[in-house]
Structures are given as structure tokens and as C-alpha cells.
Amino acid sequence: MCGIVGYVGPRDSQAILLAGLARLEYRGYDSAGIAVIDADGDLELRKRAGKLAVLRDDLQAHPMPDGTTGIGHTRWATHGGPTDANAHPHLADDDKLAVIHNGIVENYADLKAGLLSDGYTFLSETDTEVAAVLLGHEYRANGGDLEGAFRTTVSRLEGAFTLLALHEDHPGLVVGARRNSPLVIGLGEGENFLGSDVAAFVEHTRNALAIGQDQIVAITPAAVTVTDFDGDPVEVEPFEVTWDAAAAEKGGWSSFMAKEVSEEPEAVANTIRGRIRDGAVAIPELDGLDDLFRDITRIIVIAAGTAAYAGMVGKYALEQWARIPVDVELAHEFHYRDPVIGPNTLVVSISQSGETMDTLMAVKYAREKGARTLSICNTQGATIPRESDAIVYTHAGPEVAVASTKAFVAQITAQYLLALHIAAVRGTLPANEIADSLRELEAIPAKIQHILDTEQERIEQFAHWMADTRSVLFLGRHVGYPIALEGALKLKEISYIHAEGFAAGELKHGPIALIEPGQPVFVIVPSPREAALLHSKVISNIREIHARGARVIAVAEEGDAAVLPISDEVLHVPIAGPIFQALLTVVPLHIFAMGLATAKGLDVDQPRNLAKSVTVE
Ligand code: M6R
């Protein structure tokens with residue numbers, strides 16, 4: 001939440017900052033602002049409530065002097081509403097100092113009380129302005145040492161924060177700090193960048209440095225220095241960004257979500273690529289973990305939102321293939337309920353962004369309790385993998401739309417690989433069955449592509465007809481259950497329609513009371529050929545709701561004749577084994593949610609009230 005960008009170098013910074021903010025806008029879009037030190041050495045500020053476009057238009061209509069040192073911010077509001085006054089940057093030290101912030105300063109009220117009693121005044125309701133005023137105070141107190149003042153300031157802040165600051169007395173310098181919130185450095189030629197993630201600067205450089213926890217960075221055009229909060233130098237890890245700027249562009253697509261749904265086949269294929277050798281899983285990141293995989297007695301998967309639903313799907317694979325008990329926990333619930341974990345517990349976190357605060361806190365907590373941690377993550381240099389003992393990256397490429405789609409199928413794919421690898425290590429599945437499953441996994445991208453090629457248009461048309469629907473239910477069994485939850489979440493998130501997902505077997509224990517004539521119900525139908533028993537159970541569930549007048553939309557295997565007489569609409573998927581079917585049945589649901597939101601004229605990429613990276617608890 002909140003996107004941050006910083007630049008120092010020979011070029012005028014406004015265009016660079018605005019382009020960086022455009023790539024970070026998925027992190028929040030309540031307001032946007034930039035501050036630059038202009039050619040005369042004066043600090044210039046412009047900030048506006050609303051999306052980045054409002055700021056852009058304002059700058060176009062009323063140009064502001066440019067300069068070669070600047071910071072920019074796009075906000076997801078926490079303290080104070082989305083107003084011009086609450087927009088970042090915030091100023092201090094007689095408007096010579098500008099500060100931007102991502103996170104929450106938890107002790108801001110105490111700090112503010114102290115500063116008020118010292119005679120300082122505030123223009124906004126934000127915690128960030130408190131940090132800015134405190135920094136200005138420390139700067140005056142130490143005689144103008146910006147880095148020193150920054151160190152003293154961040155040491156007094158509690159909570160989670162990435163802070164960037166610049167001061168007009170120090171052109172060519174941007175300082176930053178991070179605690180539990182992301183910040184990466186982009187290394188250019190005679191210029192350097194800071195960003196909430198690499199998207200902020202990937203069009204200028206793919207050479208990056210990941211800053212660790214509780215570290216401070218100072219960038220000038222010629223140098224980057226990183227220290228801890230005590231001022232001691234620290235080593236930082238260089239990495240090369242594996243994707244280029246074009247991957248984070250919309251291209252010719254109507255939305256990022258449309259582009260990302262179209263990339264679902266590729267997301268699965270890229271997550272598998274190079275990781276299967278001679279019919280076995282070969283993931284270098286897992287080398288050396290065999291003893292751990294043999295010794296563990298339990299796996300707990302922690303995640304939030306769509307990533308948690310991916311975890312629920314993964315549970316079926318891990319338990320069936322690797323024969324280890326698996327619990328899937330919402331990260332925010334796990335952390336605060338004293339769970340029973342220890343050295344024989346493997347805690348697997350799943351996160352597209354690698355920055356979700358709930359998940360990060362749960363990972364840290366699990367480590368403190370002695371558990372081993374493995375992160376499944378899509379974002380290089382992110383915090384969660386850095387805080388984990390092992391990492392398996394998904395290779396879905398940058399996901400920009402707030403609604404997670406291609407990352408979801410990649411997260412499931414990574415878990416299937418992990419489950420088959422652990423099964424091999426523990427000897428719970430014969431080698432030939434592992435090889436068969438891997439072959440089936442490798443066939444999935446083409447099957448997803450087939451759905452996109454043959455069903456997408458029809459599903460979008462169907463979604464269009466349903467644009468006035470007020471409530472939609474989703475039912476599924478086995479892996480179809482988390483897919484039902486995912487279908488419902490996606491619809492709520494981008495179309496603002498009430499939607500609920502249920503385990504189909506749970507229907508008769510209460511939710512069936514919701515069925516009235518015309519109620520649309522999506523039902524995820526297992527394969528009649530690969531999962532005959534499950535299929536017959538779901539067919540019975542469909543009969544129960546059909547008999548009560550529900551409008552049944554079946555997501556079913558091509559050629560499934562049993563669904564036809566009891567469904568009003570059938571969305572087809574190719575044949576796949578019971579576990580693999582999750583990777584197919586979700587695709588029509590993603591298309592449907594996108595189609596319906598589009599039909600309602602909504603912004604599918606930036607739904608109201610949301611941000612992509614949820615970096616507050
Ligand atoms: O970055 P993460 O995967 O950790 O994000 C977790 C959730 O916030 C995320 O999946 C959210 O539920 C999506 N917006 C759903 O589409």
C-alpha cells in the first residue's frame with residue numbers, strides 16, 4: 001500500500017517520477033504527489049487527491065519547475081481521508097524538507113503530542129507529517145546532517161514504514177529507510193533510484209539492490225550507501241530484475257487484468273520451466289532441504305485472500321502426494337492465536353507481492369517459535385522471501401491489476417511442484433506416478449489456452465447479460481471448494497456484487513436457505529471420468545438447488561452429459577485429473593468476474609477501496 005519512488009541523477013526528475021508512480025499505482029490510488037529540488041535549489045511540491053491522472057493533468061495545466069532530485073508517492077489512505085492536504089509528500093523545516101511514507105507509524109499520536117507542545121503545527125491528519133516534522137526537528141538540532149537526523153528519527157518510530165526524504169540544502173541526495181515495508185534500490189549509470197518495488201525503475205535499470213530490515217540508504221548520482229539504524233555499514237544483496245519494462249505495460253489490452261488473465265497459460269508454463277528433469281522435480285532452491293522434508297510432521301500454509309485460496313488447493317496435493325498433514329491458515333488469524341508450532345513444522349507462506357503485512361508478521365512469528373519457513377513468492381527482492389529459510393519463486397511475471405489472477409495459477413503450480421518433490425524425498429509416491437503427474441502438469445498451459453480460445457468470448461457475453469445481478473453463489477467440492485471461494489472473491493472485489501463461495505456438501509447445513517427462484521449459482525463440477533464419485537456428489541447438489549429454482553451455471557468438463565439437463569449454462573473446461581482440475585476451472589471464473597465488472601463500466605484494475613500490496617495489518 002502506497003507506492004514510493006526516488007530519483008537522483010543528471011536528468012530532470014518529474015517525468016521519471018511520474019512514470020515510476022504510474023507503475024506503482026496498483027499499490028494505492030487515493031492521491032499522488034511529487035517533490036523535486038529545482039535548478040535554483042528550491043523545493044517544489046505538487047500533490048493532488050485522486051488518481052495519478054489528476055496530478056498529471058494539474059502539472060500539465062500548471063507546470064512546476066523541474067530538477068534532478070525528486071521523490072514521488074501514490075497513496076492508499078490510512079490516517080486521514082484522501083484529500084490534497086493528506087496527500088504526500090509532507091513538508092517540514094520551513095518547507096525545505098519533503099517526506100513520503102508507506103506504512104503506519106504506530107506511535108505517531110505520542111510523537112505528535114510532544115511536537116505540538118514544542119510549538120510545531122500540522123496541516124494534515126497523517127502519521128507521515130509527524131515523521132516529517134520530527135525529522136525537521138532533528139535536522140535543526142544536529143546542525144544540518146540529513147542522514148544523521150534521519151537515523152535519529154527512524155529510531156524513534158514504531159510500526160512499519162518505508163520513508164524517503166530530501167532537503168533543499170542537499171540537492172543530489174535522497175535518503176530512505178525501511179522497517180517491515182519494502183524498498184529497493186535501482187543502480188543506474190550516474191543516476192540512482194529508489195522504489196517500493198523494481199517496477200518503479202525497471203525501464204531505466206535492471207540492476208537492483210534489496211535493502212534489509214531496519215536499514216537506511218542514501219543515494220546520490222554517484223554513490224549508494226546503506227547502513228543500519230546505528231549508522232554501521234551493511235552489505236546489501238545485488239540482483240538482476242528478470243523481466244523488462246514491457247512486461248509491466250498494458251500493451252494493447254483494455255486492462256491489466258485482461259492481459260494477466262491471457263497470461264495464465266504462460267504463468268503456469270514459466271513456473272514449471274526448467275524445474276522438471278528426467279521425470280522428477282528439480283528446483284535448485286530446494287537443494288539441501290531433504291532432511292527438513294523428511295523430518296517435518298506438519299505443514300502450515302499461511303497467506304491472505306486469493307493466495308490463501310491457492311494454499312487451500314495446495315493442501316489437497318501436499319496431503320495426497322506427500323502424506324503430510326497440512327493446515328491452511330489466514331495469516332492474520334494464525335499470528336494472534338498462539339498456534340502450536342515447533343521445529344518439525346514447516347510454515348509455507350504464499351504471497352504474490354511478498355509484502356503482505358499479515359503474512360510477513362505470521363512468517364516472523366513462526367520463525368520466532370522455531371518453525372522452518374518456506375516462501376512461495378512472485379516478487380524478487382520482496383520482504384517475505386528475505387525473511388524465510390527457503391524460497392520457491394513463481395514466475396508469473398509482474399502482476400499489476402489489483403485482482404490476482406495469473407499469480408493464483410502460478411501459486412498452485414509451485415505448490416504442486418513442491419508437493420511432488422516432497423513426495424519423492426519422503427518416498428510417498430512411486431517415481432512413475434510422480435513422472436505422470438508432472439506430465440499432466442506440463443499439459444495444463446495448453447488446456448488453459450484452449451479455454452481462453454474457445455470459451456472467453458462466450459463467457460464475457462454471458463457476464464454481460466448478468467450485469468444487473470445482485471448476488472451470486474459459488475459451490476464446489478474438493479479442490480472445487482477453494483475455487484468457488486476464489487470465484488466469489490474475484491466477483492466481489494471488482495464488480496462490487498455480493499458473492500459467496502460454499503463447500504457444496506455444506507449447502508444442506510444452512511446456505512441452501514439462500515436459494516430462491518432465479519438465484520445464480522456457479523457450480524464447479526469435478527471430472528466424471530477422473531473423479532466419478534465426487535462428480536456424482538456434486539450432481540446431487542446441483543439437483544437440490546435446481547429443484548429449488550436456482551439458475552445453475554456449471555463449470556464442467558467438455559462432454560459431461562450429466563450436467564446438461566440440470567444446468568442453465570455450462571462453461572466448459574478440458575479433461576484433467578481431480579487435483580489438476582483446479583488450474584482449469586478457475587479460468588472461466590476469472591473471465592466471468594472481469595466480464596461482469598467491465599459490463600458494469602467499472603475499473604477492473606483499480607477497484608474501489610483496495611490496493612494490491614496490503615502492507616498494513
Ligand atoms: O500479495 P499477496 O499474494 O500476499 O496478496 C494477498 C491478497 O491481498 C491478495 O491475494 C488479494 O486477495 C487479491 N486482491 C485478490 O484478488
Side-chain angles (χ1 to χ4, degrees), residues 1 3 24 26-29 76 102 180-182 196-197 199 255-257 260-261 264 267 271 301-314 328-335 348-363 375-388 391-394 396-412 414-415 474 482-483 485-496 499 501 586-587 589-594 597 602-617:
M1 297 188 157
L24 295 180
Y26 70 86
R27 301 180 68 90
Y29 28 85
W76 186 82
N102 170 31
N180 289 334
S181 202
S196 297
D197 72 44
S255 65
F256 278 107
M257 188 177 179
E260 288 158 10
V261 168
E264 290 192 20
T271 300
V301 177
I302 49 174
T306 281
Y309 299 148
M312 288 172 71
V313 174
V328 183
E329 302 257 7
L330 293 170
H332 33 93
E333 289 299 317
F334 169 79
H335 180 188
V348 175
S349 65
I350 305 177
S351 175
Q352 188 286 130
S353 62
E355 298 295 345
T356 299
M357 185 59 73
D358 294 318
T359 309
L360 173 62
M361 287 302 154
V363 169
S375 153
I376 293 178
C377 182
N378 195 44
T379 308
Q380 288 175 286
T383 310
I384 294 172
R386 293 167 58 82
E387 294 287 331
S388 304
I391 311 165
V392 175
Y393 279 111
T394 49
E399 193 180 65
V400 178
V402 165
S404 187
T405 53
K406 63 175 179 171
F408 178 72
V409 290
Q411 287 160 349
I412 293 173
Q415 288 178 94
F474 293 78
I483 295 304
L485 296 174
E486 164 67 2
L489 174 61
K490 215 90 310 171
L491 195 60
K492 286 186 256 215
E493 189 177 20
I494 59 169
S495 74
Y496 319 148
V586 74
V587 179
L589 304 188
H590 284 166
I591 298 170
F592 175 74
M594 183 171 67
L602 298 170
D603 182 341
V604 297
D605 287 340
Q606 297 183 339
R608 70 184 178 203
N609 303 337
L610 285 162
K612 187 153 186 72
S613 290
V614 185
T615 54
V616 294
E617 275 192 275

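Note that ligands are numbered from 1 as they come in the structure, with each ligand's atoms numbered from 1 the same way. Given the structure is predicted, the values throughout are model-derived calculations rather than measurements. In what follows, every heavy atom counts, from backbone to side chain, and hydrogens, waters and symmetry copies are set aside.
Inclusion of Lys490 in the set of residues having an N or O under 3.5 Å from an N or O of ligand 1 is warranted. At under 3.5 Å, not a single nitrogen or oxygen of Gly354, backbone or side chain, sits near a nitrogen or oxygen of ligand 1.
At least one side-chain heavy atom of Glu399 sits under 4.5 Å from a side-chain heavy atom of Ser404. Residues Ile350 and Gln415 form a side-chain contact, since some pair of their non-hydrogen atoms from C-beta on lies under 4.5 Å apart. Side chains of Ile483 and Leu589 form a contact here, defined as non-hydrogen atoms less than 4.5 Å apart.
Of all protein heavy atoms, the one closest to atom 6 (C) of ligand 1 is Ala304 O, 3.3 Å. Among all non-hydrogen protein atoms, the one lying nearest atom 4 (O) of ligand 1 is Thr356 OG1, 2.4 Å. The protein heavy atom nearest to atom 1 (O) of ligand 1 is Ser353 OG, 2.7 Å. For atom 14 (N) of ligand 1, the closest heavy atom belonging to the protein is Glu493 OE2, 2.4 Å. The protein non-hydrogen atom at the shortest distance from atom 3 (O) of ligand 1 is Gln352 N, 2.6 Å. If you check which protein heavy atom lies closest to atom 11 (C) of ligand 1, you get Thr306 N, 4.1 Å.
Put simply, the side chain of Lys492 gets close to the backbone of Ala499: a donor and an acceptor are under 3.5 Å apart. A donor-acceptor pair is defined here as one N or O able to donate and one able to accept, closer than 3.5 Å; such a pair exists between the side chain of Tyr29 and the backbone of Leu610. Here the side chain of Gln411 pairs no donor or acceptor atom with the backbone of Gly311 at under 3.5 angstrom. Judged by distance alone, with hydrogens and angles left aside, the side-chain atoms of Thr356 form no donor-acceptor pair with the main-chain N or O of Asp358 at under 3.5 Å.
Atoms of ligand 1 found under 4.0 Å from any heavy atom of Ala307 (numbered from 1 in listed order, with element): 3 (O), 10 (O). Ligand 1 places these atoms under 4.0 Å from at least one heavy atom of Gly305: 12 (O). Residue contact check: Ala403 has heavy atoms under 4.0 Å from atoms 16 (O) of ligand 1. Listed by number with element, the atoms of ligand 1 under 4.0 Å from a non-hydrogen atom of Val402 are 13 (C), 14 (N), 16 (O). The ligand atoms of ligand 1 that sit less than 4.0 angstrom from a heavy atom of Ser351 are 1 (O), 2 (P), 3 (O), 4 (O).
Residue contact check for ligand 1: Thr359 places no non-hydrogen atom closer than 4.0 Å to it.
Side-chain contact of His590 with Glu486: a donor-acceptor pair under 3.5 Å is present, judged by distance alone.
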Under the side-chain contact (heavy atoms from CB on, under 4.5 Å) criterion, do Leu491 and Phe474 qualify, and how do the steps go? CA-CA 10 Å; Leu491 195 60; Phe474 293 78; 4.1 Å; yes

Evaluate the side-chain contact (heavy atoms from CB on, under 4.5 Å) criterion for residues Lys490 and Thr306: first the C-alpha distance (whole Å), next the side-chain angles of each, then the deciding distance (0.1 Å), finally the verdict. CA-CA 8 Å; Lys490 215 90 310 171; Thr306 281; 2.9 Å; yes

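Remark: among candidates Val614, Ile302, Leu489, Ile494, the nearest residue to atom 8 (O) of ligand 1 is Val614, based on non-hydrogen atoms.
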